[in-house]
Amino acid sequence: MSVFLAGSGRSGTTWITDVLCALPGVQQIFEPLFPPWNERVRQLTGWDKSDPYIRSIYLRPAEEYPEWENLWRRILTGGFRNYWTDYARTSWFPSRFLVKEVRANLMLGWLYRKFQPRIVYIMRHPCAVVYSRLAAPQPWHADVRDILRQEKLVEDYLKPWAVEIERETDPLGAHAVWWAVENRVALQQLQGIPHALLFYEDLVLHPQEVLENLLPWLGVARIPKKVFNLLPQPSRMSNHSLAYRNAQDRLSRWQGSLSVEEQKRILSWAERLGVDAYDTGPHPRLPSSVYA
C-alpha cells in the first residue's frame, strides 16, 4: 500500500514526510514531479528544466491520461527513483513507499481512481504559506497565467473568478490565488474518498494526538519512539532561523509580518473560492481528521 502525501508548498509536507519515514520499512519518494529531475514531466507539461515557478497540473478525475498513468504507476511502485527522490535513504529494504508531492494537488481525484493510495493531505493557514514563500532566502515565484491556461481547470472550478484571477499579477496576489485554487480543487476532489486531512497548526501544537489518530489508519500498529523524537526537528526545507521558536510564535509570525491589508487580500481569495478552514486567527476552524 502506497501512501501519498500532498499539500501546497510550504505547508509542512517535507516535515511530516521526514517524520513518517522514520517508520520501519518506509522509503520516501520525494517530489517525483520536480521538473529538473524528471524529463517525462517536462515533456508532459512543457515546464522548463530550470523553471523556478511552483505549479500544479489539473487532471479531470473521470478522464483517461495514459501517459500520466504510466508515469504514476512507476512512481507509486518505486520504479521511478533518482538522486532527488531518494535524497534521504530511509529504508534499504522498503515494504512500502511514501510519495510526497506538492505539484499534484489538482489531480488527487484522478490518482485515487487509478491507484487507491492512502492520501494524506496537509493544510496550513494561507497567510502563513504566502509569507513563508515570499520570506524564503530565494523567494518563490508564482504566475496566475499557469492557472488560466489550463482550460479544463477554469471550466470546472474557476470560471466565475477568471477575470479577477487575471488581475493578480504581483507575487503576493499570485501566491494567494494559487493557495486558494489548489485547496479548493483538492478538498472538493477528496470528498467521498478515504483520506486524512491534517492541519499544520495541529501538528505543531498537538503532534502526538494527531499521529496517534493517523498512523493506525496507515496500518501502523505500534508507533516507534523515534517518530515522536523527530517532531521538534525542522525539515531540510525549513527556514532554520524560525524552526525552533515556541509553537505560538511559529504559528502567528505572519500576523506581525504581513500588513492587515495583505492579510485581508490573501484571505479574500480563500473566501471567494470557498476554502473556509481558516479565518483571521492563526488556528484552523476544523480539527485534523481521518475520513476512512
### salt bridge (Lys or Arg N to Asp or Glu O under 4.0 Å) assessment of R73 paired with E69
CA-CA 6 Å; R73 181 174 289 106; E69 185 173 351; 3.0 Å; yes
### Task
Show your working on side chain to side chain donor-acceptor pair (under 3.5 Å) between E182 and S56 and close with a plain yes or no.
CA-CA 8 Å; E182 285 189 316; S56 294; 2.5 Å; yes
Hey, does the side chain of [X] reach the backbone of [Y] with a donor-acceptor pair shorter than 3.5 angstrom?
{"X": "S259", "Y": "E262", "answer": "yes"}
{"X": "R96", "Y": "V26", "answer": "no"}
{"X": "S2", "Y": "P117", "answer": "no"}
{"X": "D146", "Y": "R55", "answer": "no"}
{"X": "E101", "Y": "R103", "answer": "yes"}
{"X": "S289", "Y": "P287", "answer": "yes"}

From [X] [atom1] over to [Y] [atom2], what is the distance, rounded to the nearest 0.5 angstrom?
{"X": "L286", "Y": "M123", "atom1": "CG", "atom2": "CE", "value": "8.5 Å"}
{"X": "L76", "Y": "Q116", "atom1": "CG", "atom2": "CD", "value": "10.5 Å"}
{"X": "D276", "Y": "R184", "atom1": "CG", "atom2": "CZ", "value": "11.5 Å"}
{"X": "L111", "Y": "L59", "atom1": "CG", "atom2": "CG", "value": "7.5 Å"}
{"X": "L267", "Y": "W179", "atom1": "CG", "atom2": "CH2", "value": "8.0 Å"}
{"X": "I29", "Y": "N82", "atom1": "CD1", "atom2": "CG", "value": "10.0 Å"}

Does [X] come within less than 4.0 Å of [Y], counting only side-chain N to carboxylate O?
{"X": "R250", "Y": "E201", "answer": "no"}
{"X": "E67", "Y": "R40", "answer": "yes"}
{"X": "E155", "Y": "R60", "answer": "yes"}
{"X": "R113", "Y": "E64", "answer": "yes"}

### Task
Let me see the working for M107 and W68 under side-chain contact (heavy atoms from CB on, under 4.5 Å), right down to the final yes or no.
CA-CA 10 Å; M107 59 174 75; W68 279 106; 4.3 Å; yes
### Task
Answer with yes or no after comparing the ring centroid distance for W254 and H125 against a 6.0 Å cut-off, counting only values under it.
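Ring-ring flag for W254/H125: true, centres closer than 6.0 Å.
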### Task
Step through it carefully: locate the ring centre of H195, locate the ring centre of Y121, and say whether they are under 6.0 Å apart.
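So the answer is no for these two rings.
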### Query
Do S257 and R253 pass the side chain to side chain donor-acceptor pair (under 3.5 Å) test, and can you show the C-alpha distance, the side-chain angles, and the key distance before you say yes or no?
CA-CA 7 Å; S257 302; R253 181 173 173 81; 4.5 Å; no
### Task
Using the six-membered ring wherever Trp is involved, compare the ring planes of F30 and Y87 and label them parallel, tilted or perpendicular (cut-offs 30° and 60°).
perpendicular
### Task
Give me the ring orientation class for W84 and F34: parallel if the planes are under 30° apart, tilted from 30 to 60°, perpendicular past 60°.
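Parallel.
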Taking the side chain as everything from C-beta on, heavy atoms only, tell me whether [X] gets closer than 4.5 Å to [Y].
{"X": "I57", "Y": "L153", "value": "no"}
{"X": "L23", "Y": "L98", "value": "no"}
{"X": "Q188", "Y": "Y157", "value": "yes"}
{"X": "R10", "Y": "Y131", "value": "no"}
{"X": "K264", "Y": "V260", "value": "yes"}
{"X": "F4", "Y": "R118", "value": "no"}
{"X": "L5", "Y": "V99", "value": "no"}
{"X": "S11", "Y": "Y200", "value": "no"}

### Query
Does one hydrophobic cluster hold both V227 and L203, with members joined at side-chain heavy-atom distances below 4.5 Å?
yes
### Message
Between V275 and I119, is there shared hydrophobic-cluster membership here, with clusters defined by ILVMFWY side-chain heavy atoms closer than 4.5 Å?
### Response
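Linked, V275 and I119 end up in one cluster.
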Taking all heavy atoms of [X] and all of [Y], pick out the closest pair and write down the distance.
{"X": "V290", "Y": "N213", "value": "CG2-O, 3.9 Å"}
{"X": "L33", "Y": "N38", "value": "CA-ND2, 4.5 Å"}
{"X": "P32", "Y": "T85", "value": "CA-CG2, 3.9 Å"}
{"X": "A186", "Y": "L108", "value": "CB-CD1, 3.9 Å"}
{"X": "G109", "Y": "P61", "value": "C-CB, 4.0 Å"}
{"X": "V130", "Y": "A176", "value": "CG2-N, 4.0 Å"}

So with a 6.0 Å cut-off around [atom1] of [X], is the heavy-atom count from everything else above 12?
{"X": "E212", "atom1": "CD", "value": "yes"}
{"X": "R81", "atom1": "CZ", "value": "yes"}
{"X": "E166", "atom1": "CD", "value": "no"}
{"X": "E63", "atom1": "CD", "value": "yes"}

Going by atom types alone, do [X] and [Y] pair a side-chain donor with an acceptor below 3.5 Å?
{"X": "T90", "Y": "Q27", "answer": "yes"}
{"X": "W269", "Y": "E168", "answer": "yes"}
{"X": "S8", "Y": "N183", "answer": "yes"}

### Query
Would K100 and D18 count as a salt bridge (Lys or Arg N to Asp or Glu O under 4.0 Å) if you check the C-alpha gap in whole Å, the side-chain angles of each, and the deciding distance to 0.1 Å?
CA-CA 10 Å; K100 179 266 192 188; D18 290 346; over 6 Å; no
### Message
Go through it in stages, so that I can follow the logic: the residues are L190 and L197, the test is side-chain contact (heavy atoms from CB on, under 4.5 Å), and I'd like the CA-CA distance, side-chain angles, deciding distance and then a yes or no.
### Response
CA-CA 9 Å; L190 288 172; L197 175 62; 5.9 Å; no
### Message
Apply side-chain contact (heavy atoms from CB on, under 4.5 Å) to residues F97 and V3 and explain how you reach the verdict.
### Response
CA-CA 6 Å; F97 296 100; V3 177; over 6 Å; no
### Message
Just to verify, which of N105, D156, I147 counts as forming a side chain to side chain contact (heavy atoms under 4.5 Å, CB included) with Y58?
### Response
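Of the listed residues N105, D156, I147, the side chain to side chain contact (heavy atoms under 4.5 Å, CB included) partner of Y58 is D156.
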### Task
Apply salt bridge (Lys or Arg N to Asp or Glu O under 4.0 Å) to the pair R272 and E164, showing each step before the final yes or no.
CA-CA 11 Å; R272 271 178 277 189; E164 295 174 80; 2.6 Å; yes
### Query
After noting the C-alpha distance and the side-chain angles of H175 and L134, does the key distance pass the side-chain contact (heavy atoms from CB on, under 4.5 Å) rule?
CA-CA 9 Å; H175 281 296; L134 298 180; 3.6 Å; yes
